[in-house]
Every structure is written in structure tokens, then in C-alpha cells.
Amino acid sequence: MTYTSDFLRVLDERGYIHQITDAAALDAAASAGVVTAYVGYDCTAPSLHIGNLVSIMMLRALQQTGHRPIVLMGGGTTKVGDPSGKDDARQLLDDARIEANKASIRRIFERFLSFDGPNAAIMVDNDDWLSGLAYIPFLRDIGRHFSVNRMLTFDSVKLRLDREQPLSFLEFNYMILQAYDFLELSRRAGCVLQMGGSDQWGNIVNGTDLIRRVDAKPAFGLTTPLITTADGAKMGKTANGAIWLHEDALPNWDYWQFWRNTHDADVGKFLKLFTDLPLDEIARLEALEGAEINAAKVALANAATALCRGAEAAAAAAETAAATFAGGAGDDLPGFAVAGPTNILDALIGLGFAASKGEARRLVAGGGARIDGEAVGEDAQAGPGARISAGKKRHGVLTQA
RNA sequence: GGAGGGGUGGCCGAGCGGUCAAUGGCAGCAGACUGUAAAUCUGCCGGGUUUUCCCUACGUUGGUUCAAAUCCAACCCCCUCCA
């Protein structure tokens, strides 16, 4: 459908929309005035990753089109654990860990959202209202609105049951708590929209239903598609782990390289989702063919890195890339301090290119280890200043200890 | 409580006394080809070492045996059916 509100039009054009509970009504609401919407983030790790970035960018788009974003930290729900899309119960985190994760995650949002101004973003923590709930009153006020029959039909639950995997009562309650969050935000902040990934659809719908039943207020849900790469893989999962948004979890250089290595077929999609570049510029970039599309990938890497890590970090990474792939080295490359001539195997391990001597040896045997661009054997030595490469993409420099 | 089935390397999944560090697939890494792309082909893919060799590993703990992922016992966990 075509939207009249800037908000939904932008989301639609850029590929953020998978499902909406009542698109026409939400469009009308967003046209008529300021909409307050939220996305929840559980505190399961000290950093958010690429998988969360879609919804963060969506909150950004919301704010840019004049509406008010709420970032909900799931300090309370993390204590329960979301079963959505999980085969097994998530390991429970202790309170101290959750607190630490929460504190760490918060910082990310300051890069993407503005927390002051007329439609300032706000940040809340559901631990504030969940942890103090009294069981019996909660069951009587909220629990009675949930049909177990219906809950059993939601994918997050059904999947577990179908796969004959256990689902604890604790996890089973997650969707009720998430629905209650939405109700709470509706009451506290006039929030009318919850957004999230497509795996959150069931949880979100529970929230909109609850608000209608209890308060007879408008409530909408909107989900993003699961972002996959052109070869069908879930985006952002690499062998080395997730692509983290925090620089202390993943260096700027690696973050930039992740975007730079996007598949050809994904460039346009990613530019729309993960950068603020105007659509006509994106159209021009994604139309590039052959080797020229590399220019689009650089633009993507620059823009995405600038958003998350800052313009300086993006420029430094771009500079390093230009120098490195021309055969030189740049400041952003990983370094390993050595006192003098060092064996290639130790250098590879020190730079993190191999996890063990055996792996380093295999890398060398396969012809993938290079010193200053020259393939070497396993007896080779390199000293400070040497450029060490593992394959064609991973490069590092030995520094003086 | 009773009967039966099952727990294997990042994942899936074979093996069911030695020839098993464990077939195969996926994922991953490297090489060739390229554009720091895709596809394809090739090699690698527990750790330490010069291949020989040693160590760790098939839910946990013991046991039988010259020898166990494979047999036995106990325990833990999961699934199915019955009560």
C-alpha cells in the first residue's frame, strides 16, 4: 500500500516493514501527529550486534520523521529469557551481569538517537515495573486476559513444542511480561506502537491485544523482516562471532571491513537499511556493475561505520583499507608487538589470525601466509615493521615491543 | 510409578569391541579464478610435535577387557507410551 505519513513511507521505501497490525490506522495516526513508539532490547550481552541494528535504524527513522522513540532496556525481561526463535532455554544471567550489560548497551543509542530536543528519545528499563510485581494481583489483573490455548499457538511456543524441546513455565511467561511492558508504556508515555524483529510478532500482538482489552486504547505493532544475506544466511553471523556495535567488542577496522565485504546483491538493501544516504544516491550506487560496485561497498562501509563509530573512525578505516589493499599498511590494522625477528607461526597467532600452532601451520602449508605480500614457509621470520597477511583479506603489522 | 527410545566434534548425523581423532553433510579457513563479490574446482578443518609420536575427546562416574564411542553397572538429562 502507499502511505501518507512520512514515517511509514520512509520505512516502506527503505525495506524495514514486514508486518503491521493495522497499517491504515497507524498511517493515519502518524500523519495526524507525533507517534510514540518503542523497541525493547534484552541485556543478554555487553554489546548489541548487527541483528539489533535494523530496529535501531528504524527508531532513528522514526525520530527523523518527527516522532518520539522510546528505547526499552529489558532489565526485567532478561531475567526471564525470551524463548522466541530459540531451540533451547537461554542460560539465565545473574543480576550483576544483567546490570553490567545494560550499562554497556545504553551507550550505543546515543550515537543513533537524540536524547534532547522537541521529540527527544527516552530510555526506560522494564525492571522498574516488572521486578516489583506482586504475583497474585498481576495474575488477576493481567493474567486473566491471556488464553493459554491461544498462547500455545504462537510460533515461539509452538516451535519448541513441535520440536519436542522443553519450554519452562518461566519462559512461557515471557510474552505476558512483554505485553505488559507495552501496556505500561502506553500508560506512562502514551506509547502506541511497538516495533521489533519478525520473531517478535507474537509477543507484540499480545501487547496490542492487552492494551485494547484493558484500556481500550489504540496500539499498533510493526515488525521488520529477518535480514538475510543474498546466500540466505542470517546476517552478521561470522565464524569469529557476531558483528558487535561496540568498539571494545569489535575494532573499527573490522566493523568497516564487515560492510566492505558485503555481497554484491546485498549492497542496495544494506545501504537503505543501514545508512542515511538518500534513495537516489543509493539507486545510483547499487546500479554499478562489475568491479565498480566496490565503490558502493566503500560508500556503505563509510556511512555505516560513521553512524556507529563516528566519522573519524570511518575515515581512518577507509584510509587503512586503501593503503592496505594497494600493498601497503594502514594505522588501523591489528598489530602485534615483537622484540625482534619472530617466527611466522607466532606472528600469525599473535595477530589473532590463527588460534593454535597447528592452525597457523596449516595456513602456511596452504600458501595463505604472507610477509610483506610474499608467501612464506613455516620457518620464515619477520621483524617489527613487517606486514603479515593471512589470506587476502586479513592483514596485520608487527610492531616494536 | 511402569515400559520403551535416546544423549557423538560449531551444527546435523553415522559408527555399535581393535583398522576411530571418529564416514558424510552444513558452517568455517586457505589456494586457483576474480573485483577485498558470487558461483565453481582443490586442499585443510581437536591440541602439542618433524609424517613416525604423545595428549584430550563420543552425557557423568566406575567396571569388564591386552584393547571401549562401541560391553556392564550406577547416576544425570531428554523424548514417547501407559498409570
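Convention: sequence-line order gives letters A, B, ...; per-chain numbering from 1.
Contacts of Ala265(A) with the nucleic acid, taken as non-hydrogen atoms under 4.0 Å apart, are absent. At the heavy-atom level, Glu292(A) lies nowhere under 4.0 Å from the strands shown. Base contact: Gly290(A) has a heavy atom under 4.0 Å from a base atom. Using a 4.0 Å heavy-atom cutoff across all strands shown, Lys392(A) reaches at least one base atom of the nucleic acid. As judged by a 4.0 angstrom heavy-atom cut-off over every strand, Trp259(A) is placed among residues making no nucleic acid contact.
For the pair Lys297(A) NZ and U36(B) P, the interatomic distance rounds to 9 Å; values are reported in whole Å. In this structure, CG of Leu348(A) is placed 11 Å from P of A30(B), rounded to the nearest angstrom. Per the geometry, CG belonging to Asn294(A) stands 7 Å off C1' belonging to U36(B), to the nearest Å. Atom CZ in Arg370(A) sits about 6 Å away from atom P in A32(B), given to the nearest Å. For Leu345(A) and G48(B), the CG to C1' distance is 13 Å, given to the nearest whole Å. Between Asp379(A) atom CG and U49(B) atom P there is a gap of 13 Å when expressed in whole angstrom units. Computed from coordinates, the Asn343(A) CG to U49(B) P distance equals 11 Å when rounded to whole Å. Atom CG of Asp264(A) is separated from atom C1' of A39(B) by 12 Å (rounded to the nearest Å).
Closest to the side chain of Phe325(A), from the set U34(B), U36(B), A37(B), is U36(B). Nearest nucleotide to the side chain of Ala291(A), out of U36(B), A30(B), G35(B): G35(B). Comparing G35(B), U36(B), A30(B) by their nearest atom to the side chain of Arg260(A) picks out U36(B). Which of U50(B), U36(B), C29(B) sits closest to the side chain of Asn261(A) comes down to U36(B).
For the pair Arg9(A) and Asp12(A), the salt-bridge criterion is not met [side-chain N within less than 4.0 Å of a carboxylate O].
Contact between the side-chain N/O atoms of Arg362(A) and the OP1/OP2 oxygens of G47(B) is found at a separation under 4.0 Å. Proximity of Ser356(A) to the phosphate of G48(B): a side-chain N or O atom is located under 4.0 Å from OP1 or OP2. Residue Lys393(A) places none of its side-chain N or O atoms closer than 4.0 Å to OP1 or OP2 of C29(B).
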**Message:** If you apply the rule salt bridge (Lys or Arg N to Asp or Glu O under 4.0 Å), what do you find for Asp254(A) with Arg394(A), and how did you get there?
**Reply:** CA-CA 10 Å; Asp254(A) 293 301; Arg394(A) 291 181 296 168; over 6 Å; no

**Message:** Determine whether Tyr41(A) and Phe109(A) satisfy the following criterion, ring-ring contact (aromatic ring centres under 6.0 Å, His included), listing intermediate values before the conclusion.
**Reply:** CA-CA 11 Å; Tyr41(A) 298 90; Phe109(A) 293 96; 4.9 Å; yes

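A 3.5 Å limit on both hydrogen-bonding distances identifies C26(B) as the Watson-Crick or G-U partner of G10(B). Across all strands shown, A73(B) forms a Watson-Crick or G-U wobble pair with U61(B), both key distances being under 3.5 Å. The base-pairing partner of G4(B), taking Watson-Crick or G-U wobble contacts with both distances under 3.5 Å, is C79(B). Of all nucleotides present, only U40(B) satisfies the Watson-Crick or G-U wobble test against A32(B), with each distance under 3.5 Å.
Rounding to the nearest 0.5 Å places CG of Leu245(A) at 5.5 Å from CG of Leu53(A). Distance CZ/Phe274(A) to CG/Asp266(A): 10.0 Å, rounded to 0.5 Å.
Side-chain atoms of Thr324(A) come within 3.5 Å of backbone atoms of Thr320(A) as a donor-acceptor pair (strictly under, hydrogens ignored).
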